[in-house]
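Step one of this worksheet: look at the structure below.
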Amino acid sequence: LSPLPPTIAVKHREMSQKKIFLAFVAISTVSLLLHRGGHWSWTMEAFHLGCSALRSHPSPGLKPKHTNVAFLKTHKTRNNLTVALPVQTCGHQFCYPRSFTSHFVHPHTLPPSIITSHMRFNRAELQRLMPNDTVYVTILREPGSMFESLFSYYNQYCQSFKRVPNGSLEAFLEEPWRYYRPDEKDSMYARNTLTFDLGGDKDRPATDAVYARSFVAEVERVFSLVMIAEHFDESLVLLRHLLNWDLDDVLYVKLNMRTPSSKRSLTPSLPAKIRAWNSLDARLYDHFNASLWRQLSALGPACVAREVRLLRRAQERLMRSCFGGRMPLLRSAAQIKNKDLRPWQPSAKVDIVGYDLPANLSRGPSGLAQELCLKLIMPEVQYTRVLLRSQSLRYRRGFQLRPPQQSPPFQQPIRTVLPRHLQGKTS
């Protein structure tokens, strides 16, 4: 799985006529799918446990869904909505690792309901882009497995890793300051990456307990939910309840996965060394992992377990619908015929696998079209391009339909007052 995590911002509001905006900061390890159409018929088993309704269709009088979303993606975590995408000079990320500003957003994707590409979180700039009542959610990954993944992914890009003899993770952790340079390009991959993506100071000394406590407290204050990658399905149950979504709305497919041969097994001494070197990330993870389980306990273990089972059943049905009734086999990039489905390969030493659709796929029994299935399994880089083309076309059509004297409100540039800076907050 790819190293880093996501963040989500969401707004709570009871009244259906007012817009609710939400900010996601996502993981590369999974693709969260907010699919349109193709509703599944969920059983109502959860009712017997006192769980919230698992609706496939809205019912009168129920609290409306939060559908305007800003999904803020950090590294290694529907309904015709507009997704904010990066300007082309930024690539498929919001000019990461620069601190996010609204200037990084493509004008054809304004005003957004969702923001869902990698960025370094800058709360002030997101507040300028999104409405005031935004609720934030993020996701963290266990520091040991995340750092191993980062070391594998960026071994040929991050100089702190590249200068280590024989690409040895053990050698790096034995003397990290021998190889690590705080101010050089891509150094954010080599220390406290979660903290950096959340806008914090990755190089604050581990002895500065006051900063560590205040940073954790700030993350907790801003984010209504901090998901945990190792307990992703359970985290999705909490997310579903937070946003008043159906289980249909949180179906996903795992993407950006490494083959077992591309992963390093950590020797018994390495996890402790990783945590010591990434002490801020470790503190964040421990705090919010405990918080997650407190929230799950409050929701009710039986309800959570039931929803997780329903979610996994639906995922299997979804995959079988796309792959001719069978569960798909993961394939290397070289084996995938459709270039739009080939995952990025960081180096010759790391094999990222993906999926290829059957050549004769048409409409399955669930009514899922080939286009939906393609989007379901498409890697992030290619899907960003597809989404931008689609939204640019919609933008131009909308512009042509406007009266000549009327300028679209989202043509107006978003002014930024604050300078770019490395701000102590999330993503």
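This is a predicted model, so every value here is computed, not measured. Residue numbers count from 1 along this sequence. In what follows, every heavy atom counts, from backbone to side chain, and hydrogens, waters and symmetry copies are set aside.
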Could you tell me whether the side chain of [Y] reaches within less than 4.5 Å of the side chain of [X], counting heavy atoms only?
X: E234; Y: L238; answer: no
X: L387; Y: K375; answer: no
X: P86; Y: Q93; answer: no
X: R258; Y: Y153; answer: yes
X: D249; Y: D246; answer: yes
X: H92; Y: E380; answer: yes
X: L270; Y: F147; answer: no
X: F288; Y: E220; answer: yes

Tell me if a side-chain donor or acceptor on [X] pairs with a main-chain N or O of [Y] at a distance below 3.5 Å.
X: S392; Y: R389; answer: no
X: T195; Y: K202; answer: no
X: S390; Y: V386; answer: no
X: N278; Y: I274; answer: yes
X: R163; Y: Y179; answer: yes
X: Q391; Y: V83; answer: yes
X: R191; Y: W277; answer: yes
X: N122; Y: T101; answer: no
X: Y211; Y: D201; answer: yes

**OP:** Please identify each residue that fulfils disulfide bond (SG atoms under 2.5 Å apart) with C90, with sequence neighbours left out.
**Re:** C95
Distance (rounded to the nearest 0.5 Å) between [X] [atom1] and [Y] [atom2]:
X: L239; Y: L225; atom1: CG; atom2: CG; result: 6.0 Å
X: R342; Y: S332; atom1: CZ; atom2: OG; result: 10.0 Å
X: H287; Y: L292; atom1: NE2; atom2: CG; result: 11.5 Å
X: T384; Y: Q88; atom1: OG1; atom2: CD; result: 12.0 Å
X: L318; Y: F323; atom1: CG; atom2: CZ; result: 9.0 Å
X: F215; Y: L280; atom1: CZ; atom2: CG; result: 7.5 Å

Original post:
By side-chain contact (heavy atoms from CB on, under 4.5 Å), which residues pair with D356, not counting sequence neighbours?
Top reply: R331, I336, K337, N338, L341
Closest approach of [X] and [Y], non-hydrogen atoms and distance?
X: S279; Y: N192; value: N-OD1, 3.5 Å
X: R120; Y: R98; value: CB-O, 3.7 Å
X: E170; Y: T267; value: OE2-CG2, 4.4 Å
X: G167; Y: N155; value: CA-ND2, 4.1 Å
X: P182; Y: S187; value: O-OG, 2.7 Å
X: S168; Y: A171; value: OG-N, 3.0 Å

Original post:
What residue pairs, at least two apart or across chains, pass ring-ring contact (aromatic ring centres under 6.0 Å, His included) with a residue in residues 297-318?
Top reply: none
Original post:
Excluding sequence neighbours, so at least two apart, what forms salt bridge (Lys or Arg N to Asp or Glu O under 4.0 Å) with R275?
Top reply: D286
Subject >> Partner residues of D340 under the salt bridge (Lys or Arg N to Asp or Glu O under 4.0 Å) criterion, sequence neighbours left out >> reply: none
**OP:** Assess whether side chain to side chain contact (heavy atoms under 4.5 Å, CB included) is satisfied between V216 and R283, documenting all intermediate values.
**Re:** CA-CA 8 Å; V216 169; R283 187 160 189 154; 4.0 Å; yes
Subject >> E307 and L236: CA distance, side-chain angles, deciding distance, side chain to side chain contact (heavy atoms under 4.5 Å, CB included) verdict >> reply: CA-CA 10 Å; E307 289 200 22; L236 284 180; over 6 Å; no
Original post:
In this structure, are over 12 heavy atoms from other groups packed under 6.0 Å from R264 atom CZ?
Top reply: yes
Original post:
Quick check: are there more than 12 heavy atoms from other residues, nucleotides or ligands sitting under 6.0 Å from CD of E184?
Top reply: yes
Considering only distance and modelled atom types, tabulate donor-acceptor pairs under 3.5 Å from the side chains of residues 293-304, sequence neighbours left out.
unit_1: W293; atom_1: NE1; unit_2: N289; atom_2: OD1; d: 3.4
unit_1: Q295; atom_1: NE2; unit_2: S291; atom_2: O; d: 3.4
unit_1: Q295; atom_1: NE2; unit_2: S291; atom_2: OG; d: 3.3

Subject >> Evaluation steps, side chain to side chain contact (heavy atoms under 4.5 Å, CB included), between M146 and T193 >> reply: CA-CA 9 Å; M146 189 183 79; T193 312; 4.2 Å; yes
**OP:** Could you check M227 against F232 for side chain to side chain contact (heavy atoms under 4.5 Å, CB included), going step by step and ending with a plain yes or no?
**Re:** CA-CA 7 Å; M227 301 166 67; F232 192 69; 3.8 Å; yes
Subject >> SB check K263 E148 (cutoff 4.0 Å) >> reply: no
Subject >> Presence of salt bridge, E316 and R312, under 4.0 angstrom >> reply: no
Original post:
Does the side chain of E125 pick up a donor-acceptor pair with the side chain of H103 at under 3.5 Å?
Top reply: no
**OP:** Decide whether Y252 and D233 meet the rule of one side-chain donor and one side-chain acceptor closer than 3.5 Å.
**Re:** yes
Original post:
Does the gap between the ring centers of F151 and Y189 come in under 6.0 Å?
Top reply: no
Original post:
Below 6.0 angstrom between ring centroids: does that apply to F161 and Y154?
Top reply: no
**OP:** Kindly determine whether E230 and Y285 satisfy side-chain hydrogen bond (donor to acceptor under 3.5 Å, both in side chains), including the steps that lead there.
**Re:** CA-CA 11 Å; E230 287 71 26; Y285 182 85; 3.1 Å; yes
